Amino acid sequence: MTLGGDRQAQSQVRAVESMLDEIVARDARPLAVARAVNERQVGVCRHFTLLHVAMLRTQGIPARARCGFGAYFEAGKYLDHWVTEYWNEGRKCWVLFDSQIDDRQRELFGIGFDAADVPRDQFLVAGDAWSLCRAGSRDPSAFGILDMHGLWFIAGNLVRDIGALNNREMLPWDVWGAMRMHDSELDLAFFDRLAIVSRGPDAHVDELGALDRDERVRVPGAVFNAVLDCVQDV
């Protein structure tokens, strides 16, 4: 199905409230009722994740959005992706949940694991991806999307992941702060530290809060939208 400009614009929606408003404006039935394909809200992995996190939190289940890389879309590649991380009370641990994966995608990508319990080696939060590449056990060129790959891309997702952990779930193409377009421009020591926080946010709560006040990471009042090629207020 080819999407017109108005449908494509739905992928730029930022807030859950706006997503829900658009959904019910087209069809006021309960959200559990499946819509026809041409009547569904258009979004990317970040939108699936954000809506899922909101649903879980509404039910009193601790949940947060995580930005990183999925290993289950293309062999040998870690593609730019977002998933939910929720607290499983029975297991006393955080569990990764990919709310975007349906039966069609499971078949298309040959996914053999439970999307409600994504293995940590199949989805790498940005901090894990950064640390593995810095240690030499992964190739940075395998991380990214389309023609954009490399350590600089991982660094961008690392900033986005820290933002999400501070409840600022930005669009995957928003650019701000310490994000750069070339590896040579990165402050490696700074990103090494961000990776530690991303990998263990619950053990670094104070530092995570401090990063929300650091202009290199803190989401400003306006960011550069790389898809629309413009600065947007957020």
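Owing to the predicted nature of the structure, the values given are computational and were not obtained by experimental measurement. The analysis underlying the following values was restricted to heavy atoms, covering all of them including side chains, and did not include hydrogens, waters or symmetry mates.
In this pair, His81 and Phe123 present their aromatic rings perpendicular. The plane angle is above 60°, beyond the 30 to 60° band.
Rounding to the nearest 0.5 angstrom, the gap separating the CG atom in Asn225 from the CD atom in Gln232 is 4.5 Å. In this structure, the separation between CG on Leu51 and CZ on Arg46 is 10.5 Å, given to the nearest 0.5 Å. A distance of 9.0 Å separates CG of Asp102 from CD1 of Ile111, quoted to the nearest 0.5 Å. Here the CD-OG distance, from Gln41 to Ser18, works out to 9.5 Å after rounding to the nearest 0.5 Å. In this structure, CG in Asp183 is found 12.5 Å from CZ in Phe153, a value given to the nearest 0.5 Å. Rounding to the nearest 0.5 Å places CZ of Arg14 at 11.5 Å from CG of Leu50.
When Leu151, Val159, Ile154 are each tested for a side-chain contact (heavy atoms from CB on, under 4.5 Å) with Phe191, only one passes: Val159. For the side-chain contact (heavy atoms from CB on, under 4.5 Å) test with Trp130, the passing option among Leu188, Asn157, Leu124 is Leu188; the others fail.
Contact between Phe48 and Gln100 at its shortest, heavy atoms only, is CD2-CA, 3.7 Å. Between Val83 and Thr49, the closest heavy-atom pair is O-CG2, 3.2 Å. For the residue pair Ser198 and Gly127, the shortest heavy atom distance occurs at OG-N, 3.0 Å. Nearest heavy atom pair, residue Val175 against residue Arg160, reads CG2-NH2, 4.3 Å. Shortest non-hydrogen contact noted between His52 and Ser99 is CB-OG, 3.7 Å.
Under a cutoff of 6.0 Å and an axis angle of 45°, Arg216 and Phe190 form a cation-pi pair. Cation-pi geometry between Arg64 and Trp94 is satisfied (NZ or CZ under 6.0 Å from the ring centre, within 45° of the ring normal).
Residues meeting the salt bridge (charged side-chain N to carboxylate O under 4.0 Å, His left out) test with Arg66, sequence neighbours left out: Glu85, Asp161.
Without hydrogens or angle criteria, His47 side chain to Val13 main chain gives a donor-acceptor distance under 3.5 Å.
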task: For Glu169 and Trp82, run side chain to side chain contact (heavy atoms under 4.5 Å, CB included): C-alpha distance rounded to whole Å, both residues' side-chain angles, the deciding distance at 0.1 Å, then the answer.
output: CA-CA 10 Å; Glu169 302 89 354; Trp82 290 64; 4.3 Å; yes
